[in-house]
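Data block below; observations after.
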Protein chains: 2
Amino acid sequence: MSTTILVVEDEPAIQQLLSATLTRAGHDVIRADDGEHAMRLLNEALPDLVLLDWMLPGRSGIDIARRLRTEERTRAIPIIMLTARGDEQDKVSGLEVGADDYVTKPFSPRELIARIKAVLRRRAPHATDDPVELGGLRLDPATHRVTADDQPLGLGPTEFRLLCFLMHNPERVHSRAQLLDRVWGDHVFVEERTVDVHIRRLRSALEASGHDRLIQTVRGAGYRLSVDPGPQRGVG
Amino acid sequence: MSTTILVVEDEPAIQQLLSATLTRAGHDVIRADDGEHAMRLLNEALPDLVLLDWMLPGRSGIDIARRLRTEERTRAIPIIMLTARGDEQDKVSGLEVGADDYVTKPFSPRELIARIKAVLRRRAPHATDDPVELGGLRLDPATHRVTADDQPLGLGPTEFRLLCFLMHNPERVHSRAQLLDRVWGDHVFVEERTVDVHIRRLRSALEASGHDRLIQTVRGAGYRLSVDPGPQRGVG
DNA sequence: GCCGCTGTGTCATCAATTTGTCAAATGGCT
DNA sequence: AGCCATTTGACAAATTGATGACACAGCGGC
């Protein structure tokens, strides 16, 4: 998970703790000691999420949040605020300004991580939940079911994702690199040949119903999902 | 999105917050301070959705919900209730009366918007407080009873809510995170693995009658309630 | 107030699947 | 035939889910 988190916290000890916790959880961390500092950093690069202490010297947390929400460029960035325990007023004002969630001090690292994860997940646009159908093959993301001519198929998680991607982007050749990016995730370190293996696994699952012919190999280029078998070599 | 939302909330600050949040999200807002007020507004024009505080002075939220569900004219209007955090009884009674969803206070605006959107999207299904039945399993929100082939079952509170949610949303695969959100509540902090444990408890309660097979594990995705056992891995 | 219950959330551990890689086999193309 | 790209079968490591045990908080009875 290569998400960058901006931590705005004046107390060095807490800042250190936050930073360590987040780093250990696999996030990149940028730190700011106060509002001014935070604003400067925000001008350089936009983080994926802002973790904001509500009680800051000078410009208070609420100011920063408000400003983030005002400007077009930063409006979409999720904000999690750190508040003192039991300060209801903080929570209300924070949520009013548009914070996405809050964590009360003292916080448990696990809880912090969990909330960050939850917020990031919530903001992820829902991948289309509509069923796709093609050449007798039917895949329903919502129920996580696949049928070939109404016969249920059992696929492993990766095969499912692979087929899901192919069915949403049929009639197009996808290189192995593209498939790795889109199906496996951004920058995972996996051999390109591994794609072959999963294509094979997917094919053998489709074999029983003869739907394996939908997955075509384009020599030197990649794979394609198509009802049309395509021309044979030398044939018009 | 020109949806009109009726907000029923007695506390001015919260009402203000709700109104601001909803307006910013592009909804039209009508406000009522109490049950009577709400009823008067409902006589004038029907909103597309009602956001209802469960704890109201005078006529309680549950009364309003019940009345909305009773009258033909208002029966189809989706209801989202606002409950205090962790009030189990509220959640259960809310489901009984037929609320479509609930949000616990304090709530995050983003979450609220998301739930409203979700409810509006699926507006159609969701029987009210009628008993749900599926594959010989029968759950009656009104009496808080569950039977398997007419044999009464004893379930703990959480297991009941879990089963209730699953039976209202069958076939669909729910990730652990989604289940935590929908069954446990908004701002609770529990491990995702805990869902496994409760699924197991629910299963062992259903085991005696063999209904545990209704609860299916979808590896890498979550859980699903369905009569259709689904295929084994690799089988066509 | 004390005590035993019930319901919950966490863990540690075990079992089952899934997955990334290799290396050898296959097959197309020139 | 010779060169490559792709297909396949086999494997060991890594994930992921199922289970049983446990500690603890809340509750009601005594």
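Model, not experiment: these values are computed from the prediction. Lettering of chains follows the sequences in order, A, B, ..., and the numbering in each one begins at 1.
The side-chain heavy atoms of Glu192(B) and Lys117(A), taken from C-beta on, include a pair separated by under 4.5 Å.
For Asp196(B) and dT16(D), the CG to C1' distance is 9 Å, given to the nearest whole Å. Taking atom CD on Glu191(B) and atom C1' on dA18(D), their separation rounds to 17 Å, with Å as the unit. Atoms CZ (Arg200(B)) and P (dT8(C)) sit 14 Å apart, rounded to a whole Å. One atom, NE2 of His198(B), and another, C1' of dG7(C), lie 8 Å apart when rounded to the nearest Å.
Comparing Phe189(A) and Arg219(A) against DNA chain C, the residue whose closest nucleotide sits nearer the 5' end is Phe189(A). Residues Ala221(A) and Val197(B) both approach DNA chain D. Their nearest nucleotides, taken by heavy-atom distance, put Ala221(A) toward the 5′ side. Remark on DNA chain C: of its neighbouring residues Glu159(B) and Arg161(A), the 5'-side contact belongs to Glu159(B), judged by nearest-heavy-atom nucleotide.
Side-chain nitrogen and oxygen atoms of Thr217(A) include at least one within less than 4.0 Å of the OP1 or OP2 phosphate oxygen of dT7(D). Contact between the side-chain N/O atoms of Arg201(A) and the OP1/OP2 oxygens of dT18(C) is not found at any separation under 4.0 Å. Distances shown here put every side-chain N or O of Thr158(A) at or beyond 4.0 Å from the OP1 or OP2 atom of dT18(C).
In this structure, Tyr223(A) reaches the sugar-phosphate backbone alone: every heavy-atom distance under 4.0 Å involves primed, P, OP1 or OP2 atoms, never a base. Within 4.0 Å of Thr194(B), counting heavy atoms only, lies at least one base atom of the nucleic acid. Using a 4.0 Å heavy-atom distance criterion, Arg193(A) is classed as a base contact.
No hydrogens or angles considered: a donor-acceptor pair under 3.5 Å links the side chains of Arg203(A) and Thr217(A).
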Q) Does the side-chain contact (heavy atoms from CB on, under 4.5 Å) test come out yes or no for Ile80(A) and Leu52(A), once each step is laid out? A) CA-CA 6 Å; Ile80(A) 293 182; Leu52(A) 189 57; over 6 Å; no
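With dG9(C), dT8(C), dG17(D) as the choices, the nucleotide that has an atom nearest any side-chain atom of Trp184(B) turns out to be dG9(C).
In Arg145(B), the CZ atom is not crowded: 12 or fewer heavy atoms of neighbouring residues, nucleotides or ligands sit closer than 6.0 Å. Arg182(A) CZ: 12 or fewer foreign heavy atoms inside a 6.0 Å radius.
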